[in-house]
J.: 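Once you've had a glance at the structure underneath, I'll fire off some questions.
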Amino acid sequence: MSQVTTIVEAALAVLGEGDAEKKAALSQSLAAVVTAQDLPVGPALLMPDRPARPSRPELRAPRHMPKRRKGGSAENRIALLHALAHIELNAVDLAWDAAGRFGPDMPRAFALDWIGVGADEGRHFQMLADRLVDLGSYYGALPAHDGLWQAAYDTREDLAGRLSVVPLVLEARALDVSPATIERLRGFGDDASADILDVIYKDEIGHVRVGAQWFFKIAEEQSCSAEELFDASLERFFSASPKGPFNVPARRQAGLPDSLYDRAQRA
Ligand SMILES: [Fe+2]
Ligand SMILES: [Fe+2]
């Protein structure tokens, strides 16, 4: 890892790491290397269609995943944290894929923004994986959902599509649902898990903001409104429009205008 000389090479190193803990650690250490050594984005290199993944968890089609229960037993809380850890590990790869794949055609600040996101996602994974161990489990102990990379694959050649689906729909959706999950965990007396989700929730507002800012720049360059570009991108890459109820204050904090995702708010 010390040999990387460009951001694109750093991205390939993270995406190519199959071990979950090592991937999360590498995401954070390479983000620090890029900043400390002021590495350039570098020329484009072939990015993998799918990132390397550990042999466990077993990946299953969403319809074959066990149904999650909402009660406060340790088993249910472990299942929730395991699912979230899996999402964070995917988010590590998504952030570095954005930097490595689209970075060479964008200002360097674009790649730097996504590397910062990648470092956060690595830390999020680590916090959840450690908490699973506290609860007597570990990441890899349960099956995990294998649909998460599909959106990345589908949008591999379309940055507006990638930003629409990943930060502006999926990560924004996490802002909608997180406060209730955090409250539920507090209600079960699991403040340690709730505190971790609260850290993640606040960081994710920043991730949506990064996505929104670059999305607006692209819309401006294409001389269309953000709403038009968002609708066209979702029509192509996402089979539905965003569904509420929306966490409007968090979405506003992330710089998302109400009119972007809520058609009822369109003038
Ligand atoms: Fe995250
Ligand atoms: Fe994120």
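Remember, it's 1-based here, ligands and their atoms both numbered in the order they're listed. In this chain, numbering begins with 1 at the start of the sequence shown. In what follows, every heavy atom counts, from backbone to side chain, and hydrogens, waters and symmetry copies are set aside.
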J.: Please confirm if an N, O or S atom belonging to Asp203, backbone or side chain, lies less than 2.8 Å from the Fe ion (ligand 1).
T.: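 Checking the Fe ion (ligand 1) against Asp203, no N, O or S atom falls under 2.8 Å.
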
J.: Does the pair His86 and Leu142 meet the rule for a side-chain contact (heavy atoms from CB on, under 4.5 Å), with working shown?
T.: CA-CA 10 Å; His86 185 63; Leu142 299 173; over 6 Å; no

J.: What is the name of the N/O/S atom of His207 that is nearest to the Fe ion (ligand 2)?
T.: ND1

J.: Please name the atom of Glu121, limited to N, O or S, that comes nearest to the Fe ion (ligand 2).
T.: OE2

J.: Can you confirm whether the side chains of Asp113 and Trp214 place a donor and an acceptor under 3.5 Å from each other?
T.: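 Their side chains do contain a donor-acceptor pair, which is all the 3.5 Å distance test asks for.
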
J.: Check the side chains of Gln126 and Glu21 for a donor-acceptor pair under 3.5 angstrom, ignoring hydrogens and angles.
T.: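 Gln126 and Glu21 do have a side-chain donor-acceptor pair below 3.5 Å.
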
J.: As a test of reading the structure, name the N/O/S atom of His124 that is nearest the Fe ion (ligand 1).
T.: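 Output for this pair reads ND1.
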
J.: So, Asp176 versus Tyr261: side-chain donor-acceptor pair below 3.5 Å or not?
T.: no

J.: So, do Leu112 and Ile7 sit near enough that their side-chain heavy atoms are less than 4.5 Å apart?
T.: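 SC-SC contact between Leu112 and Ile7 confirmed.
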
J.: If I consider every N, O or S atom in Glu204, which one ends up closest to the Fe ion (ligand 1)? I only need its name.
T.: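 Per the distance ranking, Glu204 contributes OE2 as its closest N/O/S atom to the Fe ion (ligand 1).
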
J.: Please name the atom of Glu88, limited to N, O or S, that comes nearest to the Fe ion (ligand 1).
T.: OE1

J.: Looking at the Fe ion (ligand 2), which N/O/S atom of Glu171 is the nearest one?
T.: OE2

J.: If you group Ile, Leu, Val, Met, Phe, Trp and Tyr by side-chain heavy-atom gaps below 4.5 Å, do Leu175 and Val177 land in one group?
T.: no

